Amino acid sequence: MKIKIIENALSNALSKIGLEEIPQIAFEKPNNPDHGDISTNIALQLASILKNSPTKIAESILQNLEYDESLIEKVEIAGPGFINFKFNTNYFTSQLEYIRSKNEIYGQQDIGNGIRVNVEYVSANPTGLLHLGHGRNAAIGDTIANIYEWLGYDVTREYYFNNAGNQMNNLVNSIYVRYLNLFNDTQQQIPEDGYHGEYVVEIANDLYNEYGEELKDGNYQDRIAIKKFGESWCFDKIKKTLTKMNIEQDVFYNEDSLYKEGKISDVINDLKEANLVYEKDGATWLKLSEMGLEDDRVIVKSSGEPTYRLPDIAYHKEKFKRGFDKIIDVFGADHIATIPDVMAAVKHLGYNTENIKVVIHQFVTLTKDGQQVKMSKRTGKSYTLDDLLDEVGSEVVRFFLIMRGNTTHLEFDLTLATENSDKNPVFYLKYAHARICSILENIENSDLVLSEVPDFSLLQSEEEINLIKSIIEFPDYIKLAANKYEPQIIVEYLREFASRFSTFYHSCRIKGEEEQILRSRLHLANIAKVVLKNGLSILGIKAPNKM
RNA sequence: GCGCCGGUAGCUCAGCUGGAUAGAGCAACAGCCUUCUAAGCUGUGGGUCAAAGGUUCGAGUCCUUUUCGGCGUGCCA
């Protein structure tokens, strides 16, 4: 919305009143339509400074306010001293002509200006199958990547993984036990900290089919073979699941490459040079207490192996060195503790951590028929992301996983998701789009009608204007979602949008109306179709022509 | 113990930098299909915004304390 014009007008009025310093003027969109389209509380803010009542101040601002009457219909003082602006309906309809010219690309913006953004998400190690938590991570990350692309950023979608270290050893141990159990009488148990999932049995079966009893000794070479087999088995499944979810990442970054290319030792040297580490009990410690945090932490164990913090630091340094201007990490809430450590170190190495945004999301719980489905690691029974995708499809999965705020625990209602009915919110949006397609089909020569320039000023009813207002706001919501890293903002916007379209649809007929009206309404519906299609596409959902 | 996130209608959740009468979906109830898709629309009922104090013209939103739930708190990732 054009608040710049109002802002300037207000600034001028304020200086006429005699204000030497013009303060920041805040605007908001009133939720009560009687309060106009845009509102400012500037008079309330100035009350204590000017030692006058807000209403008096508002009055004198109004007396000195000059504005374009073709744009603004009404300016009012209301309540305790708000100044409310109501736009002329012609303002809204005139915006439509510009939007119509954008057509298919409406919503795209070039504010990113090619700035390079790295969005890291999923990043599950190849030690198992993806679960619902990964799914939420994937949906949030992929949608944020889409949003930034729509804003003209140069986006790289990245997956970071570690195929070495403790976790892989645990996987190897677990597979090995299951493998021996296939042909050995002695029923060995999986170690306490091993992987108990049923998929490990599957891996062992496949392993046996490939190698027979060749690996039964479990010597060094055997373990390497088991590790390679297990890793590619898991990665294969993970990638298939992501493909099913319509996610395609550009870079799979292996933590191991940080070691091979000397990036880890480089960072240790950097840290030593910056005097940020010390030796104690045979380990290397990071001086976090000198960086404003509570406790120092080990980054290299006495065994000589680094802890996870060190590669994390090196990895973030690498992202900067690879030329990214902005770094977005999407993590589950269980990673929350390590983030401040890593950020502090990266910052003290001289990188601007303000360009790193860590998006934390809370966990997912699964409910079915009102009962919570336990996803226990101990029993090994779990409902995987893949199961879910098979059951309800990628679009419902993606939608459900982003329809709550990142910081809220998300309850995935399987019963609701499976239901192909009006209760399922994703259908509502698709349905609105399909309806518009149906209108276009039902109008004779609709292409021809759309090729002619419409008179949008004929659209004056409340339903039409409300729809137009929502159309105009589309780019603002994309920006808001980007600034907040909240895909949910797009979801909420689209629901409201579809609702306004449906209201319009029911009260304003198109087919059979007089030619001029028909043309302008058809154009309006067609623009609404673009908004729905583009909005859904940001969420990774296709807009169907028929339902 | 300490740290992070959350507690808003019967249920699931919105509520942007503090603003005017706290919203949506589902569930409940009452209407609307000879007319472009009724997977829809219109209306009704439903609230001590976990509790208490504080900041101010004004608090669901900010501060303090308490409480409940989740996660974390490792020379695991």
Side-chain angles (χ1 to χ4, degrees), chain A residues 24 26-32 34-35 39 41 44-45 47-48 53-54 78-82 84 123-125 127 162 165-167 170 193 255 280-285 294-295 297-309 311-312 332-340 360-363 365 367 370 403-413 416 419-428 430-432 434-443 446 476-477 480 483-484 486 488-489 491-492 495-496 498-499 502-503 505-513 521-522 525 546-547:
Chain A
Q24 184 78 34
F27 292 96
E28 65 156 18
K29 195 182 126 192
N31 34 23
N32 185 338
D34 293 341
H35 297 148
S39 159
N41 62 354
L44 292 139
Q45 301 287 355
S48 57
S53 85
F82 293 101
N84 298 333
S123 295
N125 289 333
T127 57
N162 175 15
N166 253 328
Q167 292 189 73
N170 278 337
D193 54 354
E255 180 183 318
K280 193 180 92 181
D281 306 330
T284 307
W285 293 70
E294 279 294 306
D295 299 312
R297 299 286 179 192
V298 170
I299 52 167
V300 183
K301 300 186 236 175
S302 51
S303 65
E305 284 175 290
T307 67
Y308 57 84
R309 288 186 181 84
D312 276 3
D334 51 342
H335 282 259
I336 216 161
T338 81
I339 294 160
I360 299 284
H361 64 85
Q362 292 296 320
F363 283 15
T365 53
T367 58
M403 73 179 182
R404 303 298 177 222
N406 297 335
T407 59
T408 310
H409 293 266
L410 186 151
E411 185 172 320
F412 196 106
D413 188 337
L416 179 61
E419 207 165 327
N420 278 9
S421 79
D422 55 332
K423 290 177 201 159
N424 195 328
V426 66
F427 285 92
Y428 185 65
K430 293 176 149 205
Y431 184 63
R435 268 182 156 173
I436 299 173
C437 294
S438 176
I439 295 170
L440 292 167
E441 251 182 42
N442 278 287
I443 303 290
S446 59
D476 296 337
Y477 277 95
L480 185 63
N483 290 338
K484 302 260 170 214
E486 272 287 8
Q488 190 210 27
I489 287 173
V491 173
E492 292 294 325
R495 285 173 122 153
E496 170 77 10
S499 166
S502 298
T503 304
Y505 175 87
H506 279 272
S507 66
C508 305
R509 281 197 64 80
I510 297 176
K511 191 181 175 184
E513 291 294 309
R521 283 184 181 163
L522 194 66
K546 267 192 169 43
M547 278 183 77

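Just so it is clear, the values below take in all heavy atoms, side chains as well, and ignore hydrogens, waters and symmetry mates. Everything numeric here is computed off the predicted structure, so don't read it as measured data. Numbers restart at 1 for each chain; the letters A, B, ... are given by sequence-line order, proteins then strands.
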Who pairs with [N] - Watson-Crick or G-U, where each distance is under 3.5 Å:
N: B:G72; answer: B:C2
N: B:U12; answer: B:A24
N: B:U67; answer: B:G7
N: B:G60; answer: none

Separation between the [atom1] atoms of [N] and [M], rounded to whole Å:
N: B:G40; M: B:U35; atom1: C1'; value: 15 Å
N: B:G60; M: B:A22; atom1: C1'; value: 7 Å
N: B:C32; M: B:U12; atom1: P; value: 34 Å
N: B:C36; M: B:G46; atom1: P; value: 37 Å

[X] [atom1] to [N] [atom2], straight-line distance once rounded to whole Å:
X: A:Asn31; N: B:U61; atom1: CG; atom2: P; value: 16 Å
X: A:Tyr505; N: B:A39; atom1: OH; atom2: P; value: 10 Å
X: A:Asn84; N: B:G19; atom1: CG; atom2: P; value: 15 Å

Please figure out whether A:His506 or A:Cys437 has its closest RNA chain B nucleotide nearer the 5' end.
A:Cys437
Residue whose closest nucleotide on RNA chain B lies nearer the 5' end, A:Pro54 versus A:Glu411
A:Glu411
Suppose we screen for side-chain contact (heavy atoms from CB on, under 4.5 Å). Which residues come up paired with A:Asn483, at least two apart in sequence or across chains?
none
If you check the A:Lys511 side chain, which of B:G19, B:A14, B:C36 turns out closest?
B:C36
Look at the side chain of A:Arg404 and decide which nucleotide, out of B:G19, B:U17, B:U12, has an atom nearest to it.
B:U12
So if I define the base as every atom that isn't primed, P, OP1 or OP2, how would nucleotides 71-77 of chain B read as a B/S/- string at a heavy-atom cutoff under 4.0 Å?
SS-SBSB
Got a donor-acceptor pair under 3.5 Å from the side chain of A:Asn32 to the base of B:U21?
yes
According to a strict under-4.0 Å criterion, is [X] in side-chain N/O contact with OP1 or OP2 of [N]?
X: A:Thr365; N: B:U12; result: no
X: A:Thr503; N: B:U42; result: yes
X: A:Gln488; N: B:A14; result: yes

How would you label the glycosidic angle of B:C33: syn (within 90° of 0) or anti?
syn
Got A:Lys301 and A:Thr307 here, is their nearest side-chain heavy-atom distance under 4.5 Å?
yes
Near-parallel close stack of A:Tyr431 and B:G40 base (under 5.5 Å, under 30°):
no
